[in-house]
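In each ligand, atom 1 is the first atom listed, and ligand 1 is the first ligand listed. Since this is a predicted model, take the numbers as computed values, not measurements.
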Amino acid sequence: KTEQALLEVNNIEVIYNHVILVLKGVSLSVPKGGITALLGGNGAGKTTTLKAISNLLHSERGEVTKGTIHYRGERVQDMSPADLVKKGVIQVMEGRHCFEHLTVEENLLTGAYTRTDGRGAVAADLEMVYTYFPRLRERRKSQAGYTSGGEQQMVAIGRALMSRPETILLDEPSMGLAPQLVEQIFEIVKAVNEREGLTFLLAEQNTNVALRYAHYGYILESGRVVMDGPAQALRENPDVKEFYLGMS
Ligand code: ATP
């Protein structure tokens, strides 16, 4: 464990519907200013881990039954998702979830609703989002429901940025996107990480792309971390190559 770890997940267990044990003791440590990847196949428990951190399990009848989650040394398990946003942690859910009837720009502005630092600051951040996502500036008057999957993913990330977070939990940003768009999205994540100093924890099935952009990775299998290490080391690991990168 590093001393600067912003987010510490320690040995958590998650049970759905009182009986289905899905996370069987997951620990991870997310350093400030890094991109940390949570890898693993379908159903490994990546989404569940992110939802446990941001306290979004209740609506799915899921519960953290063991272990602890700390953010900046503070226990966050009993905090509402809204309080976590105030602490600087925001989750971008899998599948984007735009407000389809609002325009792209209105969607982005909904991300700023918890802020109290005035319209000037919000306008400046809207400009910041458009700088990272020029495509969204072009589409700002379009109804979000009519934009492409890639644009909706951009809106979802842009909206999260509008809350001025310190940490973004990003669930499966590559889902359903063409390879070129996936690369574009990860390039933007990298730029935001480097220039704004934002911390990312991202869940990704696309090990290949995730390990090219992340600094550190955790591999989950059936609710357990089976391997972790610096991204470079994981990329070169023979087991990772064989089972996750599709080469040997
Ligand atoms: P995916 O890429 O499909 O999102 P994942 O690694 O994120 O995969 P999870 O969505 O966390 O995996 O799911 C882990 C396991 O928990 C799966 O076996 C899934 O069927 C189960 N699960 C998820 N949500 C629920 C729920 N609400 N009730 C019961 N079981 C669930």
Short N-O contact, D171 and K46, less than 4.0 angstrom: no

Options M175, E221, E60, Q205, ranked by nearest heavy atom to atom 2 (O) of ligand 1, top entry: Q205

Heavy-atom nearest neighbour in the protein, as seen from atom 14 (C) of ligand 1, with distance rounded to 0.1 Å: G43 O, 3.3 Å

Between E13 and T65, a side-chain donor and acceptor under 3.5 Å: yes

Donor-acceptor side-chain pairing of Q184 and Q180 below 3.5 angstrom: no

Identity and distance of the protein heavy atom lying nearest atom 23 (C) of ligand 1: Y16 CE1, 3.5 Å

Pair E166 + K87, salt bridge at N-O below 4.0 Å: no

R212 with E187: basic N within carboxylate O range, under 4.0 Å: no

Flag for Y130-E105: side-chain donor and acceptor within less than 3.5 Å: yes

For G41, the ligand 1 atoms whose distance to one of its heavy atoms is below 4.0 Å: 6 (O)

Verify atom 20 (O) of ligand 1: protein non-hydrogen atom under 4.0 angstrom away: no

Subset of ligand 1 atoms that lie under 4.0 Å from at least one heavy atom of V22: 14 (C), 15 (C), 16 (O), 21 (C)

Residues Y213 and E183: side-chain donor-acceptor under 3.5 angstrom: yes

Closest protein heavy atom (residue, atom, distance) for atom 3 (O) of ligand 1: N42 OD1, 2.5 Å

Non-hydrogen atom of G223 closer than 4.0 Å to ligand 1: no

Positive for side-chain contact (heavy atoms from CB on, under 4.5 Å) with I157, one of I188, V192, L170: L170

Identity and separation of the nearest protein heavy atom to atom 11 (O) of ligand 1: T48 OG1, 2.5 Å

E94 contact mode with ligand 1 (heavy-atom cut-off under 4.0 Å): side chain

Residue and atom name of the nearest protein heavy atom (relative to atom 5 (P) of ligand 1), distance in Å to one decimal: K46 N, 3.4 Å

Check ion pair K51-E94 (N to O, under 4.0 angstrom): no

Distance-only donor-acceptor check, side chains Y218 and S27, under 3.5 Å: no

Sub-4.0 Å atoms of ligand 1 with respect to non-hydrogen atoms of A44: 5 (P), 6 (O), 12 (O)

T47 contact mode with ligand 1 (heavy-atom cut-off under 4.0 Å): both

Donor-acceptor under 3.5 Å (T199 side chain, G33 main chain): yes

Contact with ligand 1 for K51, non-hydrogen, under 4.0 angstrom: no

I20: numbered ligand 1 atoms lying under 4.0 Å from its heavy atoms: 29 (C)

4.0 Å protein heavy-atom contact status of atom 25 (C) of ligand 1, strictly under: yes

Min heavy-atom dist G45 to ligand 1 below 4.0 Å: yes

Any E172 heavy atom less than 4.0 Å to ligand 1: yes

